[in-house]
Every structure is written in structure tokens, then in C-alpha cells.
Amino acid sequence: MIQPDFVFRGHQAAVNCVHFLANGRYLVSGDQDGLLIVWNMLLKRQLVKQSTAHTSAILAISSVDSSTIITQGRDNKLNIWTLEAHEFSGSLNLTQSLDIESLNFCRFSISEHWICGLVADELGNMFIYNVHTRERHAFSVEHKSVSRSGAHNDQPMCVCICANDGLLQLTVGYESNKLRCFYLQVSNASVKVTAVCSVQTPHTEPLLSISVNQDAQNIYTCAADNSVCCFKLDGTALVKTAAAELSHPGGSLIQCFQTPQVVAVAGWDYAVHLYDHGLQHLKDVRFHRAALTAVDVSSKCTEPLPDITDDLVQQRWKMQPQWMAVASRDSRISLWNVNAVLQP
Amino acid sequence: MDIVPLVSKISSCVEPGSVDRNLLHQHLTHLALAVRHAKATNVESTSLLTHITLVAARLISKRVELSDRERELVLETVCEALTPKAHRPLDNVHAVVVDHIGRILVPLFITPSTLPEATRMLAIGAWRQLVKIASVYVPEKHSTQSRQLPCTVSLREYIKEFMPPDYMSLAVCALLDNAEMADDQRLRVRALETLSDLFQKNGLIDRTQMSSMFPGTVSALTRISLAQMPANSQNAPKKPISAVRSQALHALEAAILVMYSGSHTSLDKVHVAEEWAQQARNGPTSIVDVDSAPTNELDKLQQILWRLASLRHNSGTTSALFSLFARVSSIECASRMPEGCVQVAIEACLAMSGSHPDLASSYLLDLKLRCAQNDDSVGARVEAVLEPLLTQFERFVTNGESRQRTDVLCVISACVKVLGQHRALPLVSPWWRSRGLSALLTSLSVSLPGTSLLISEKQEHTVLPDGVSYVLENYRTSELSHALDLFVQSMADLFTPRELGAQLLSLLFDSSDKHVEVLWMLRKVAGQAAHEDMSSICPSAFQYCVDFCGTAPDPDTSHAVHELMVLDVISTLVPMIGSNVAYYMDTLLFPLLQTTTSSSPALQAQAHRVLEILAQQTLTSVSQMLHDNVDYIVEGCSQQIRAVTLHPRVFNILCGAVLLVGRDILVYMDDVVEDTLDVCERLAYEDEEVVLGALQFLEIVTRTVADESKMIESTKGQAEVVDPDPIATAVKAMDDAVASRMLDDLVLTDPIPELPTSTDFESTDDVEPSDTEPDDTAPEGNPLAIKICLSVQSFLYADSSAHQLLALKTVHNSTNALQSTRDLLPLLNEVWPSLVNRLSQRDAHYVTLAACDVIERVCTLGSSWMRKRVKDDLWPHFERILQTSSLRMQRSECTLIKRVLCTMGKVVECVPLDEGMAWTVCVLVVRFFGTEVEPELVELLQQMTVLYGDKVWLVLAKLGCVEDVQPDSILDIGVSTSIKPPNGICQMLGL
């Protein structure tokens with residue numbers, strides 16, 4: 001059975017999220033205790049260890065550029081950090097801290113410099129925030145679902161924002177398994193929200209994660225059930241184009257990657273399920289001893305390291321494989337050479 | 001003792017017709033002693049010499065029938081008298097001395113002789129001292145036409161003027177005869193040494209004299225060197241020892257020098273070759289009149305040199321031969337010597353470049369420079385030598401003849417050096433690229449071990465200084481190793497290390513099967529090059545090595561040599577990489593550590609060496625470096641545990657890492673422990689050795705956890721020190737305060753400490769342990785220890801006693817680790833049945849003893865919580881053991897009973913016993929009074945007396961140990977009255 005190339009063991013609690021930074025030179029991970037670690041992928045060592053990044057569990061991590069890291073904690077905070085990295089050491093400086101709704105585990109989403117997440121005060125209210133200009137707007141994606149007990153507010157479970165033809169496309173997954181798409185037009189004073197389409201997904205359990213491919217046309221979803229679905233945004237309609245079935249229910253996170261063209265699902269069954277963009281099953285990668293929480297793939301490093309003059313280090317960098325990092329509740333992060341994994 | 005009277009006495013003794021042999025012998029002995037004494041006490045030497053000379057001459061010339069011993073005594077005395085002090089030649093010696101001694105000594109060593117070889121040797125020795133005389137005093141009575149007397153002349157002049165004309169020729173012939181014909185090799189050496197002195201010292205023989213005897217001298221010396229006999233001789237040649245050959249070559253060299261050198265330089269044969277080289281390079285060169293030398297004579301010399309060149313393989317004569325040829329090639333006449341002779345000199349130098357590579361190159365360069373003044377013949381000749389060697393290189397270097405390989409490699413190296421880069425490169429480069437490198441690599445295969453048999457051998461000494469050297473020394477002679485080094489160096493100089501390194505690197509990354517050989521060469525090139533020269537190839541080469549280490553198969557396979565070479569290259573490249581080696585630690589460190597446990601001592605040594613070099617590079621010690629990089633080591637171990645059947649030794653490394661790093665490693669251990677427990681479960685009945693390793697590792701982990709818990713407890717204890725005696729402390733504090741006031745008469749500022757109240761003491765009272773549920777307020781226990789203990793307890797039932805013992809130790813460690821935590825009692829509850837069960841089985845003796853240890857610890861920690869378990873589970877086993885044991889115990893049984901009694905003592909101390917059980921214990925154990933276990937029994941009863949004194953008293957009373965109590969007055973309690981406790985047992989127990 002295929003084994004990981006390396007395992008990071010620095011966390012003492014469940015690792016909830018991982019994110020590659022700076023073309024895969026660094027990996028950022030956050031755990032249940034609020035510990036944030038920046039790993040140097042060349043040295044396979046901790047570069048920075050921020051033990052109180054959040055006072056509670058860290059739910060999500062992303063980045064704007066190679067030195068700006070955004071973390072979301074269960075303490076209802078969205079923190080923006082600046083990473084100052086040197087060859088063998090580094091530091092994280094907290095530059096901004098925003099209030100956000102985290103009690104329902106809905107992770108924030110980011111597209112270029114726009115951050116989108118739930119607002120803490122009222123259900124269905126969201127905000128969009130420009131990291132550079134610090135411009136912040138509120139809007140609503142409220143949805144009411146009707147059940148036998150009557151109409152009630154539908155809880156947004158996951159969001160995904162991406163750029164689409166000069167517009168910002170926001171996809172929201174609800175507790176009722178509804179999937180809705182919006183276009184956001186941000187002006188100086190406000191944000192105009194246009195609901196584009198919606199669809200009732202075939203998931204039988206609440207949606208947990210959404211991922212959108214590069215051209216914003218394919219939307220992938222996973223839920224607490226054993227289904228993985230792909231929807232295509234066709235004008236004003238969302239059409240289900242493909243589906244796959246997991247061997248066991250539950251996918252914490254779904255991620256669509258361009259290079260290589262794979263869709264990865266971090267399963268509760270301790271395995272990463274890999275599919276092509278048409279959701280044809282490629283491989284299951286199983287190593288961890290607890291449910292998986294996150295997966296990320298580094299981009300292929302083609303450019304030389306900007307701050308390193310030594311040929312040897314540059315060569316080492318050049319020889320770095322394209323990594324897939326898998327986070328698990330067993331407090332470990334496994335690293336895989338994704339191309340080796342995908343080899344038949 | 002005065003010498004003059006002795007001389008007179010000796011003279012009188014040998015008067016014709018009245019030789020008193022006894023007296024003569026006695027006087028000669030005294031004379032020898034007197035001379036030695038006189039020399040030692042700085043008696044004036046000239047007069048002493050004269051007296052000795054006179055008597056010696058008289059004794060020998062008068063043809064007195066001296067015995068061999070008497071003659072030897074005379075010669076020894078003469079030799080002693082002639083030997084200068086402090087190596088300073090004798091000066092102003094009276095002519096009579098030279099005259100007399102000179103005339104009598106030579107005939108003594110002329111052959112054929114009836115004299116013993118020992119006598120001839122002494123005579124030659126004395127004569128050798130004679131020719132070292134610096135100057136001679138010639139008195140008036142000496143007859144001469146050309147000089148005004150008296151005067152002082154040099155020895156050379158004296159011999160020429162006052163001695164017979166053929167005196168020196170006669171001496172030379174006599175010495176040559178002795179050198180060639182004598183049986184005693186020491187005599188031959190002595191004769192040749194004297195001959196060399198004669199040709200070199202003081203110019204006693206000039207070119208004119210030499211010209212007449214040169215052909216004969218050269219022939220004789222050549223014969224001696226080559227162990228040949230004269231043409232007319234019927235005898236078999238006397239095989240000379242190396243010293244004889246060597247001295248003959250020195251003498252030949254001196255003769256040639258006299259013959260062809262214009263002036264006599266002071267050439268001492270003891271000069272080392274380096275000095276000769278220096279002279280040749282820097283000294284004033286003399287012009288030799290070669291034109292006057294007959295051509296046929298030089299041709300003969302050329303032939304002789306050719307013949308002598310074959311001696312280069314004789315290790316004893318190489319130095320002398322080299323000196324000879326180097327001298328021939330370095331003299332000024334070389335440019336005008338016949339072509340063949342120069343060619344001989346060149347080839348001789350090249351041939352001997354193996355043993356003296358630098359000197360050979362220097363001489364050749366010197367020769368080339370001299371010749372270049374006129375033409376470029378030397379360069380052309382060197383090319384002429386080089387070309388056929390390159391053409392036939394494969395044949396030379398790949399055959400099995402080590403000496404031939406050595407020669408060819410050295411000659412090519414010397415040629416390249418002499419020709420220089422601009423001239424050698426066009427010649428060598430096409431050959432090297434097309435065939436040379438490939439042929440060399442093939443030749444290296446011949447001299448490298450093809451299998452790993454050798455390096456798998458166990459050696460007595462476990463630590464070897466250099467694994468690669470150790471291996472290669474068994475496959476290459478030191479000469480060949482040196483020649484290879486030289487050759488690689490010359491190629492690196494020719495092509496530059498950067499280019500040669502690039503050539504090798506390209507071979508390393510293709511599918512060549514010569515990786516080992518390429519690595520060897522790469523290491524040589526890198527080892528000799530400057531860091532900046534290797535900067536372009538260093539990363540790729542190092543990456544290859546690191547990748548190889550990461551994927552190297554088991555070192556006991558045929559890849560061992562490959563791995564050895566890789567490690568060697570790593571150790572060479574690490575200093576060039578510098579601090580950037582940190583980027584390779586994740587892939588390099590673990591394989592290195594693993595190799596240190598290899599079964600091959602050579603690999604072990606090499607891996608240790610690389611670790612040391614890495615540590616030096618990171619400016620730390622090896623242990624600190626491992627400590628700093630323990631995450632990489634754990635990861636390496638973790639990967640191997642997942643494929644443990646391929647890496648059965650992985651637990652050794654893991655154990656070493658835990659022991660080295662201690663508790664800091666525990667943060668990385670969760671999944672490793674999980675994987676290990678999986679291994680234990682999966683292979684429990686399949687691979688005993690692997691499971692043993694796994695259990696050892698788990699035992700060490702629990703021990704580390706226990707140590708950490710203990711440390712935390714002790715830290716806590718330090719923070720909250722409980723005063724054992726608060727009253728005494730308070731009183732002492734008050735006394736101190738009062739005393740301080742009395743002494744200093746100061747106003748009291750500090751309040752007097754208050755005496756403690758009764759409530760303060762309550763905290764120190766023993767609290768009766770609860771017999772109910774565990775304390776929920778206690779901290780949680782270490783999950784690692786709990787997990788390990790619960791899993792490992794199944795091995796208490798294992799068939800292997802080694803597994804059982806490790807499981808017991810692990811349980812013991814785990815209970816210690818969980819001490820004072822809320823998880824202790826649940827854990828004890830889980831493991832107790834398995835633990836007690838060890839007493840019921842027919843286990844190895846030591847397993848039962850170990851189980852008793854753990855039970856004792858468990859009872860101590862569990863205290864009253866163990867009450868029912870002791871009664872229901874433990875006591876039945878102890879009761880059975882105590883009841884079934886005979887009183888005449890064997891050693892093992894005795895140990896077991898002692899252990900059980902001790903454990904019972906501890907249990908009685910910690911766990912409250914049921915009344916009935918306490919009674920049974922008392923009744924049962926007293927049967928061991930009067931046996932070997934009595935001391936342990938007394939200790940147990942002492943413990944019992946504290947809580948169950950009445951029961952102990954009653955049993956002892958029944959045994960008649962209590963005064964005023966009749967045993968019969970007590971009802972039968974099931975105790976045999978034949979038991980005899982020791983006297984005073986009640987006092988011992990405090991009853």
C-alpha cells in the first residue's frame with residue numbers, strides 16, 4: 001500500500017485545516033487547540049509556531065499572497081497575519097482581526113483579495129471584505145426552507161467565492177441541501193447581490209463543503225452522506241453533471257485542483273478519495289487513524305526561490321515534488337507526492 | 001693504563017725466538033682496553049696513533065705467527081685508534097702511520113686469501129678509516145724531489161706521491177673481489193661501502209685513475225647488482241641481499257660520477273634521494289667532457305643501465321637505483337649524451353615514478369629544461385613513451401598484474417606532468433574521452449570487491465577508522481592505491497576538477513554499471529579539489545548520494561560496496577555544502593543512523609564517520625545533532641515500522657532515539673506507538689524477534705513516561721514542601737529570633753512566629769484511603785502509558801518468557817507513570833487478573849519473581865483498594881506456593897519463597913488484610929523457621945506484628961516462645977509444635 005512521503009507531527013490535537021503558501025514553499029496548519037504552525041516544506045520543519053492564534057479551534061486557513069495568511073477560529077474571529085519568513089526562522093504578526101460566525105463550522109472563502117464569510121449577529125447575513133483596502137460590506141443570502149414543521153431559516157453550511165467574468169460568484173450550500181449561486185457586484189459604498197440560480201442537491205445529509213473549479217463552471221459538493229456531486233452552472237441553471245459514491249459516509253472537505261486535474265475529498269473514513277474532474281474515481285489514499293479534515297495540493301514550483309542565492313538550495317527546491325497535504329483528527333499531517341499517488 | 005709501556009712490552013714479547021704467547025695475548029688485550037680508554041678520555045690522538053701503528057706494523061710485518069684472535073685484536077685496536085671523534089677527520093697524521101698501516105692492511109684483504117672473512121672485514125674496516133684521514137704530516141726524512149720537507153699534505157697527495165703507483169688500483173680490486181666473492185654478506189656490504197667512500201671521499205681517485213679501472217669496476221658492480229658471476233667463473237652466483245645490491249648501485253653511481261663529472265662534488269651515499277634532487281635542481285652543474293669519452297664506453301654504460309632498470313621491482317634497491325638514474329639524468333652531460341642513454345634515463349625515471357613520483361617528475365622536468373636549451377628532444381621522448389602506453393592502456397590496467405598497473409599509471413602521470421597541460425591535453429584528451437575513462441573504470445572494477453563478502457565479515461574491533469580504506473586495503477596494494485591517486489590527480493590537473501567531475505557525474509546519472517567506480521573517482525577528485533571548483537557538480541552529486549541512501553536496500557546485500565562509496569562521497573562533499581546540509585537532514589539522517597546498526601563493520605564505521613562530519617558541520621556533537629533532528633529520525637522509523645518485515649531492526653534505532661532524547665521525544669510518539677502496537681498484535685505468533693524489539697521499545701516509552709511523571713511529581717513536591725515537624729520548626733524560629741535580638745540589641749520588627757495550632761497538624765495525618773471509586777479530582781493519566789499497558793498485558797500470557805518479562809516491566813512502568821492520576825485504579829483493575837495469573841502458571845522462575853515485583857508495586861499504589869483482590873486473587877497463589885514448598889529447598893525454590901515472603905510483607909504493610917487471612921498467613925509461614933528464608937520470615941512477622949500482633953503472639957505462644965505460657969495450655973491452632981523459632985523471637989518482634 002502506498003505510504004506518505006513524510007508526516008508532520010507537531011500538533012497535539014486534531015488538525016482541522018492545511019493550506020499551502022508561496023508556491024508550496026510553506027504549509028500552514030491549524031488545530032483544535034488553536035495552534036497555528038507554518039511549516040518549511042524544504043526543511044520539513046516548523047518555521048513558526050503560534051500557540052494562541054485563536055482561543056479556540058482553528059476551522060479554516062487561506063492566504064491572499066505568499067505572506068498574508070488568514071485564519072478562522074471557533075472563537076468567532078477571522079485573523080489576518082503577516083508572515084515574515086527567513087531561511088531557517090520566521091514570525092507571524094497579527095495585522096487585522098474580524099468578527100465572524102463560526103459556531104456552525106461554516107468556513108470562510110477567499111478569491112484574490114476578497115474574503116467572504118458569515119456575520120456573527122444574524123442568520124444568513126454575510127460580509128465581503130477587501131484585505132488590501134479593508135473595505136467591508138454586508139449582505140444577505142437568507143433562505144427559508146419549508147418542512148413539515150413549517151418554514152424556517154435555512155442555515156448556510158458552506159460558502160465558496162470565486163471570480164467569474166469580472167464578477168464575484170458566490171456559491172452557498174444550506175443545511176437543507178440547497179445549493180444557491182449569487183453574483184456579487186461590489187461598488188464603493190455597497191454590494192449588489194444577484195441570485196443566479198439554485199438547485200436542490202441529491203445529498204441526504206447537510207452539505208459540508210463546496211469547491212469550484214478555475215473557470216467557475218463546475219461546482220463540487222460533499223456532505224455528511226456518502227455522495228459527491230458535480231454541478232455545472234449553465235446560464236441561470238445549476239445542472240448536476242456527475243456524482244460519485246463514497247464507500248463510507250462523510251466528507252469533511254472537497255477541493256478541486258487544476259494541476260493535476262483532480263478532485264479530492266477528505267473523508268471521515270480516514271481516506272482521501274481522489275477523482276478526476278468528471279468525478280471518475282482515481283484512487284483512495286488511506287493512512288491516518290482518524291477522520292480526515294482537510295486536504296490541499298501545492299502548485300508546481302517552476303520559479304526559483306527569490307531570496308536564496310545558493311545553487312544547492314535552488315536545486316533542492318527545483319526537485320520538490322508537487323505535494324498533497326492531508327490533515328486528520330489523529331493530529332498528524334501526511335505529505336504525499338501527488339504525482340506518485342496518481343500513477344496507475 | 002699507559003700505552004707506551006704496553007707497546008714496549010708487546011715489542012719485547014715478539015722478539016724473534018722468544019715469543020711469549022700468553023704474555024702477548026694478555027698485552028694485546030690490555031692495549032685494546034687502553035686505546036679505548038684513551039679515546040674516551042681525550043688523550044692526544046696523534047701520538048697514540050703513532051704508537052699503535054708502530055706496534056701493529058711490527059706485529060704484522062714481522063710475520064709473527066699470530067693467532068686469528070690476536071690478529072683481530074690488533075686490527076680492532078688499529079681501527080679504534082683511527083676512528084675519528086665526533087666525525088671529524090683525523091688531521092695532521094704522521095706519515096709513518098699512513099705508510100705503515102697503508103702497506104700492511106691492503107694485503108690482508110686481497111683475495112684469494114687464507115685469512116678468515118672476519119679478519120678481512122676488520123682489515124677493510126680499518127682501511128676505510130684510514131682513507132678518511134684529512135691531512136698527513138711528512139717529516140724531513142721522507143725522500144722526495146718535489147717538496148720541501150717537512151710539510152703537511154692531503155691524503156690524496158700523499159698516496160699519489162709517496163705510495164706505490166698501483167696502490168689504489170690494488171685496493172679497489174681487492175674491495176671488488178671481496179664484494180663479489182665473499183660468502184659473508186656483511187663483508188660484501190662493508191667492501192662496497194668502502195668502495196663508495198673511496199670514489200666519493202676526498203677525491204682519492206680522479207678521473208684519470210678511474211678511466212683505467214672503469215670498465216672493470218662497472219662490470220663487477222653490475223654483476224653484483226644483477227647477481228651474476230664473471231664469465232670465467234665456474235661458481236654459482238652468490239645471491240646478494242638487498243643491502244649488497246643497493247650498495248653496489250651506490251658505488252656504481254659514484255664511479256660514473258667520477259668518470260663523467262668534471263668536478264668532484266661532495267656526494268655522500270647517505271644522502272637521501274630528495275637531497276639529490278635538490279642538488280640536481282639548484283646546485284651548480286658541472287660540465288662533463290663527454291666528447292672525450294669513448295662512444296663505445298657510453299654505449300656499454302647505456303646497456304648496463306638498461307639491464308639495471310630491471311631492478312626497479314626490487315623494493316630494497318629501488319631507492320639506490322633511482323638515485324643512480326636520477327644522477328645520470330641530471331648531470332649536465334645529459335644533453336650531449338647519446339640518445340639511447342637519455343632515453344634510458346627518462347624511462348628509468350618514469351619507471352620509478354611509482355615509488356618516488358614527485359622526484360621522478362622533478363628530474364624529468366629538470367632533464368627537459370636542460371635539453372630544451374638545445375632542442376625539445378626530451379619532450380618528444382616523453383611523448384614517445386606516453387603514446388604506446390595510452391594505446392595499450394586497457395591491456396595494461398585490466399590484467400591481474402598489480403605491479404604492471406602501478407607502473408603504467410605512474411608513468412602516465414609523470415609524463416602528463418612533464419609535458420604540461422598545453423602539450424599533454426591534445427594527446428590525452430581524445431583518448432580519455434573515447435576509451436581512457438572507461439578503461440580506468442574497468443580497471444577499478446578489478447581492484448574493487450565485487451561482492452560484499454569481505455565487508456560483511458565480523459571484525460574483532462568494532463570501530464574502524466575508515467571503512468573505505470579498510471575495504472580497499474584488502475583489494476589493492478598500497479603502491480597501486482598510491483598510483484591510482486596519482487593518476488586521478490594528474491587527470492584532474494589536466495582537465496580541471498570541474499570538468500572531470502562533470503564527466504563523472506554524467507556517468508553517474510546514466511545507466512552505467514560502474515557507479516561504484518565512478519563514485520570512487522568522484523570522491524578522489526572532490527577530495528583533491530578546492531571547494532569552488534566543485535560548486536557546480538556538488539549539488540547533483542550530493543543529491544545522488546542522498547537519494548541512494550534513502551532508497552538503499554539492506555546493507556548486507558551486494559549493494560554494500562556501493563553504499564560504502566556513497567557514504568565516502570557524502571563525507572567528502574559535506575564540508576563543501578556547509579550549513580545547507582540542513583536541507584538534506586530529513587532524508588539523510590535516518591538512513592545513516594540505520595547504517596550504524598549494519599552487520600558490516602566497514603559500513604558501520606563509515607556511517608559513524610559521516611555522522612561525525614555532519615555534526616562538525618552543524619557545530620555540535622553527534623548526540624546533540626540527533627537530539628535536534630529527532631523528528632526526522634522518528635519519521636524514518638515510522639516509515640519502516642509500516643513495513644516492519646522488511647526492516648526488522650527498526651526498533652533498535654527507535655529505542656536508541658528514545659534513550660538519547662528522553663521525554664522530549666514523546667510528543668512525536670503517538671502514531672509510532674500505535675503502529676508498534678499493531679505490529680505486536682499482527683506478528684505476535686509469527687515473528688518473535690520483531691515483537692521482542694517492539695516490546696522493548698514500548699517498555700522504554702513507558703519508562704520515559706514514568707520518569708517524566710516522577711519528575712513532575714518531584715517538581716510539585718518542591719513547590720509544596722510539607723514541614724514534617726511544624727512544632728520544632730516554630731520553636732527554632734522563635735529561638736533564632738530571640739537570639740538575634742539579644743545579640744544585636746535591635747528593635748523587634750518581625751513578628752515572632754506563632755506556634756502551630758492543632759488544625760495545622762491534621763493535614764499531616766494519614767488519611768485512610770478510600771475503598772470506593774477512584775478520585776475524580778485527580779489529573780488524567782498519560783494516554784500513551786494507558787494505551788501501551790492495556791495492549792501489552794496480553795503478552796503476559798505469551799509463550800516466550802522474554803515477552804512476558806518485557807510485558808511485566810511495561811506494566812510496572814505504566815503503573816508508575818499513572819501514579820496519582822485518576823486512571824491508575826481503572827488500569828490496575830484491567831491488568832490485575834493477567835498479572836496474578838502469572839503466579840499460577842508454570843512460568844520460568846524469573847518471570848514469577850518479576851511478577852511478584854509488579855504485584856508488590858501494584859499493592860503499594862492500590863492500597864486498601866486492593867483488599868478484596870489480595871484476598872481473593874493473590875493469597876490463594878501465595879498460599880499454594882508456601883504450602884507446596886518443601887523445607888529442604890533448592891536454590892530457585894528458596895529464592896521464590898524469599899520473594900513471596902517479602903512481597904507478603906509489603907502487602908501486609910499497604911493493604912489491610914481480612915482477619916481470617918491474617919491468621920492463615922501467621923499459621924502458614926511459621927513452618928519456615930529454621931530454614932534459609934528465616935530472615936525474610938522474621939521481617940514479614942515484624943510487619944504482621946504491627947497490625948496483627950495478637951495473632952502472631954498466639955502462634956508463637958503455641959510454639960513455646962512466650963515465657964510463662966505453656967504451649968499445651970493453648971488449643972490446637974494447626975501449628976506443628978516441632979517448629980523451633982529462634983531464641984528471643986518475641987523480643988525481635990517487639991512482643
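Order of the sequence lines sets the chain letters (A, B, ...), proteins ahead of strands, with each chain counted from 1. Any value given below was found using the heavy atoms of this structure, including those in side chains, with hydrogens, waters and symmetry copies removed. Note that this is a predicted model, so its numbers are computed, not measured.
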Return yes if some donor-acceptor pair links the side-chain N/O of H515(B) with the main-chain N/O of L508(B) below 3.5 Å, else return no. yes
Is the closest side-chain donor-acceptor distance between Q72(A) and S102(A) under 3.5 Å? yes
So which part of F88(A) gets closer than 4.5 Å to some heavy atom of chain B, the side chain, the backbone, both or neither? side chain
Does N40(A) use its side chain to pair, donor to acceptor, with the backbone of K44(A) at less than 3.5 Å? no
Turns out that what part of S540(B) lies under 4.5 Å from chain A's heavy atoms comes down to both
For chain A, which candidate among E674(B), Q639(B), M585(B) shows the most heavy-atom pairs at distances under 4.5 Å? E674(B)
If you tally heavy-atom pairs under 4.5 Å against chain A, which of Y668(B), F542(B), Y632(B) wins? Y632(B)
If one checks every heavy atom of V7(A) against chain B at 4.5 Å, the contacting part turns out to be both
Heavy-atom contact with chain B under 4.5 Å, split by part of D310(A): side chain
When you measure from the centre of the six-membered ring of F105(A), is the NZ or CZ of R74(A) closer than 6.0 Å and no more than 45° off the axis? yes
Could you check whether Q543(B) and D547(B), counting side-chain N and O atoms only, form a donor-acceptor pair closer than 3.5 Å? yes
What part of D678(B) gets closer than 4.5 Å to chain A, counting heavy atoms only: side chain, backbone, both or neither? side chain
Between Q322(A) and S298(A), is there a donor-acceptor pair closer than 3.5 Å when you use the side chain of the first and the backbone of the second? yes
